[in-house]
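Values reported hereafter were calculated over all heavy atoms of this structure, with side chains retained and with hydrogens, waters and symmetry mates removed.
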Amino acid sequence: MKQLRLIFSILMIFCCMMAEGDDGWKITTDRYTDYKGVTLANGNIGIVNEKYSLMTGDIFLNGVFDKESDRGGVSRMVRSQKFMDITLMINGKTVDEADITRWQQTLDMHKAVLTTTFTFDGVDISYSLRAMRNLPYVAVGELVLSSSKDADVSVSNAVTFPEELKETESSFDVLRDGRNLMPMMTSVAKTRTGMHTLCTASAFLLPNDERSKVTDSNGSMTYNVHLKKHQKTVIPIAGAVCSTRHFNDPGNEAKRMAVYVLQHDRNELLKAHDALWEELWKGDIIIEGCHEDQRDVRVALYHLYSFQREGSRLSMSPMGLSSAGYNGHVFWDSEIWMMPPMLVLHPELARCHIDYRADRLAKARQRASLFGYRGAMFPWESDDSGEESTPAWCLTGTFEHHISADVAIAFYNYYCVTKDKEWLRDEGFGVIKSVADFLVSRAHENEDGTFSIRNVVGADEYAQNVDDNAFTNGTAKVALQNAVKAAEVLDVVHDARWTEVADRLKFHYMADGTIKEHSTYDGEMIKQADVNLLAYPLGLVRDEEQIRRDIDYYEDKIDKVNGPAMGYSILSVLYSRLGETDKAYEMFRKSFVPNKRGPFGLLSESAASDNPYFATGAGGMLQAVIFGFCGYEITDGGIVKHPARMPKQWKSVEVRF
């Protein structure tokens with residue numbers, strides 16, 4: 001039954017997307033069932049949309065955390081109060097989703113705006129929502145009304161609070177400066193344990209002579225207007241949310257942001273938002289010949305661009321700003337899966353991921369010392385503090401040590417692409433060196449002179465407390481080699497043990513030469529790719545016969561139900577590089593098609609899960625295109641372009657950056 005539902009869901013998504021006939025930038029749907037809302041985000045705030053779009057779903061704040069429960073538990077990304085909800089009354093009747101007709105929704109990925117249209121009691125209603133790219137704490141909505149008859153309309157804005165927020169207050173305030181009236185709804189709340197204060201302010205963006213009509217009505221901000229027959233009326237609204245994570249006085253900052261938008265030319269602000277998204281889309285992937293693939297690649301890019309912003313020094317969780325899945329923590333997903341496409345398309349966005357780690361180096365050093373190691377040991381799950389945020393019962397937090405090497409590899413790759421030697425000297429090398437020192441202290445010398453890294457959880461997390469996990473040892477080897485190269489670039493003396501350990505790290509093999517996932521691996525099901533990562537992205541295995549042998553063995557071992565999608569992305573890259581484009585395309589599609597959900601094709605973590613949007617899967621899918629089909633490779637010398645190996649389903653493919 002689950003398989004039938006999955007097939008039906010995929011077919012429905014395919015039909016919905018292919019019916020539009022647009023250029024791959026817009027997704028329009030009139031499906032009101034099997035709905036998964038898309039996220040509008042700008043790297044700081046993420047607003048999850050509801051199908052009845054006058055009301056928002058959850059609003060998440062990047063980098064703002066508090067405890068997930070009152071008693072114990074780890075940190076969790078905070079949900080803000082909902083400050084952009086609108087209630088609409090027409091001729092005394094409240095507009096309700098059960099009574100609307102001609103409902104339709106369009107996501108314009110090029111401008112990052114979602115527009116919902118419907119009809120109620122003879123009034124055509126359109127509502128567009130943006131998380132402003134140029135105003136990192138602000139959202140703007142535009143309500144457009146046109147009626148076939150005279151109508152009295154009441155538009156209200158109220159604040160609602162998630163249950164975990166405490167000491168909540170909302171009020172209607174009218175700020176004044178001379179003849180300028182600035183009515184707004186404001187709110188304040190404490191996070192669960194009082195760690196942060198969240199403040200919001202929202203205002204109808206009306207001409208000054210109309211603002212006196214905005215009143216306090218039953219705890220909401222209300223504007224009444226009479227619509228004349230065939231008259232079109234635009235009622236914009238803007239809201240801001242600020243926290244003590246970013247501001248000492250978030251209440252006044254939120255009000256100032258609302259005042260700024262209220263007193264500014266709205267069209268100029270929207271044009272600035274559009275211009276910044278236009279700049280982002282200079283990093284694009286153009287596919288001709290398969291409309292669906294073009295759409296899916298754009299959906300992936302849209303979300304990765306939405307969930308991060310230049311200069312923020314904030315990384316990205318596996319679910320981005322679409323949910324508090326995995327508590328909003330940062331994992332290896334950031335460095336290994338999401339960051340590589342950004343290194344090609346937008347290095348300034350890739351920089352956010354490593355800035356986040358650099359800011360938490362001191363905590364990583366502290367963590368290494370807690371377990372008797374030198375250098376820096378980064379946490380498996382990281383929140384704003386930089387301390388380990390994995391639940392204490394979960395073995396990954398204590399033993400999945402490849403994360404530190406993943407971080408160091410990302411730092412060196414950033415240097416390879418940008419050649420920013422000043423950054424490497426001032427910031428990058430400190431992390432690379434500290435991780436190398438940790439890896440040397442983590443390795444154990446065997447009697448035969450080889451080195452083992454014992455008692456770890458692998459990239460395949462089904463393998464717990466094993467020795468010589470292939471990916472863990474592989475990342476350690478690459479990170480140590482990169483540390484030597486970075487030292488040579490800066491002409492500084494490096495520890496000779498970096499090379500010694502890197503050269504003698506132990507890998508185990510089966511009788512036929514297949515690399516064993518760990519020292520005692522015996523054919524068990526694996527959660528995701530592990531050994532195959534040695535060929536890509538690590539580049540340690542380059543012999544084609546060895547690559548094929550490892551693929552042939554492990555492809556069928558991946559958990560087909562609960563395994564995350566990224567493993568198939570890796571296999572797609574490897575098949576592309578082996579020249580087997582049909583197989584590469586099969587793996588490419590397998591990495592995301594079974595995971596698509598709802599009318600917008602949002603990605604879930606696995607074929608069996610229902611937790612979109614999985615930004616990690618988007619990163620893997622994009623890597624299959626960029627580093628597989630299109631032939632790009634990140635090398636010591638920078639980005640290298642090899643001949644493309646395009647699938648027969650496409651007429652052409654181009655990466656623009």
Subject >> Side chain proximity check, M316 to L304, heavy atoms < 4.5 angstrom >> reply: yes
Subject >> Between E605 and Y326, a side-chain donor and acceptor under 3.5 Å >> reply: yes
**OP:** State yes or no: are the ring centers of H110 and W277 separated by less than 6.0 Å?
**Re:** no
Subject >> R245 side chain to N62 backbone, donor-acceptor under 3.5 Å >> reply: no
Subject >> Side-chain heavy atoms of L88 within contact of L145, under 4.5 Å >> reply: yes
Original post:
With V74, which of E387, K67, E381, H329 fulfils side-chain contact (heavy atoms from CB on, under 4.5 Å)?
Top reply: H329
Original post:
Would Y462 and D559 count as having a side-chain donor-acceptor pair, cut-off 3.5 Å?
Top reply: yes
Original post:
Given the rule in the salt bridge (charged side-chain N to carboxylate O under 4.0 Å, His left out) test, do E68 and R192 qualify, once you have shown the distances and angles that lead to the verdict?
Top reply: CA-CA 8 Å; E68 63 179 334; R192 187 184 295 277; over 6 Å; no
Subject >> Side-chain ion pair, K527 and D460, N-O less than 4.0 Å >> reply: no
Original post:
Would you say K51 has more than 12 foreign heavy atoms packed within less than 6.0 Å of its NZ?
Top reply: yes
Original post:
Under 6.0 Å between ring centres, would you say that holds for F65 and H196?
Top reply: no
Subject >> Steps toward side chain to side chain contact (heavy atoms under 4.5 Å, CB included) verdict (H303, L602) >> reply: CA-CA 9 Å; H303 283 91; L602 309 182; 3.7 Å; yes
Original post:
Could D124 and R102 be called an ion pair, given the rule that one side-chain N must be under 4.0 Å from one carboxylate O?
Top reply: yes
Subject >> Modelled atom types, side-chain donor and acceptor of S128 and E142, under 3.5 Å >> reply: no
Original post:
So, N180 and D177: side-chain donor and acceptor under 3.5 Å apart, yes or no?
Top reply: no
Subject >> NZ/NE/NH1/NH2 to OD/OE distance under 4.0 Å, D108 and K111 >> reply: no
Subject >> N-O pairing of E388 and K363 below 4.0 Å >> reply: no
Original post:
Any side-chain donor paired with an acceptor under 3.5 Å for S312 and Y356?
Top reply: no
Original post:
Does D274 come within less than 4.0 Å of R133, counting only side-chain N to carboxylate O?
Top reply: no
**OP:** State, without any angle test, whether T117 and S126 hold a side-chain donor-acceptor pair at a distance under 3.5 Å.
**Re:** no
**OP:** Give a yes or no answer on whether the side chain of N42 reaches the backbone of P136 with a donor-acceptor pair at less than 3.5 Å.
**Re:** yes
Original post:
Below 4.0 angstrom, N of the basic side chain to O of the carboxylate: do D66 and R76 qualify?
Top reply: no
**OP:** Using a strict cut-off of less than 4.0 Å between a Lys/Arg side-chain nitrogen and an Asp/Glu carboxylate oxygen, indicate whether E164 and R79 qualify as a salt bridge.
**Re:** yes
**OP:** Would you give the length of the straight line joining atom OG1 of T186 to atom CE of M184, rounded to the nearest 0.5 angstrom?
**Re:** 8.0 Å
Subject >> Polar contact flag, side-chain donor to acceptor under 3.5 angstrom, S385-D383 >> reply: yes
Original post:
What orientation do Y223 and F204 show, parallel under 30°, tilted 30 to 60°, or perpendicular over 60°?
Top reply: tilted
Original post:
How many angstroms lie between OG in S156 and CE in M221, if you round to the nearest 0.5 Å?
Top reply: 9.0 Å
**OP:** Run the numbers on E400 and E461 for side chain to side chain contact (heavy atoms under 4.5 Å, CB included), then give the verdict.
**Re:** CA-CA 8 Å; E400 196 154 355; E461 291 169 357; 3.0 Å; yes
Original post:
Okay, side chain of N595, backbone of L603: is any donor-acceptor separation there less than 3.5 Å?
Top reply: no
Subject >> From L40 atom CG to M132 atom CE, the distance as rounded to the nearest 0.5 Å >> reply: 12.0 Å
Original post:
Quick one: do the K82 and T56 side chains pair a donor with an acceptor below 3.5 Å?
Top reply: no
Subject >> Over 12 non-hydrogen atoms of neighbours within 6.0 angstrom of CD in E169 >> reply: no
Original post:
Are a donor atom and an acceptor atom from the side chains of H246 and E253 found within less than 3.5 Å of each other?
Top reply: no
**OP:** State, without any angle test, whether T106 and T28 hold a side-chain donor-acceptor pair at a distance under 3.5 Å.
**Re:** yes
**OP:** Give a yes-or-no answer on whether the side chains of S606 and S609 include a donor-acceptor pair shorter than 3.5 Å.
**Re:** yes
Subject >> Distance-only polar pair, side chains of S315 and S334, donor-acceptor under 3.5 Å >> reply: yes
Original post:
So, S323 side chain and G325 main chain: donor-acceptor pair closer than 3.5 Å or not?
Top reply: yes
Subject >> Ring centre gap for F83 and F161 strictly below 6.0 Å >> reply: no
Original post:
Can a donor-acceptor pair be found between the side chains of S604 and D610 at a distance below 3.5 Å?
Top reply: no
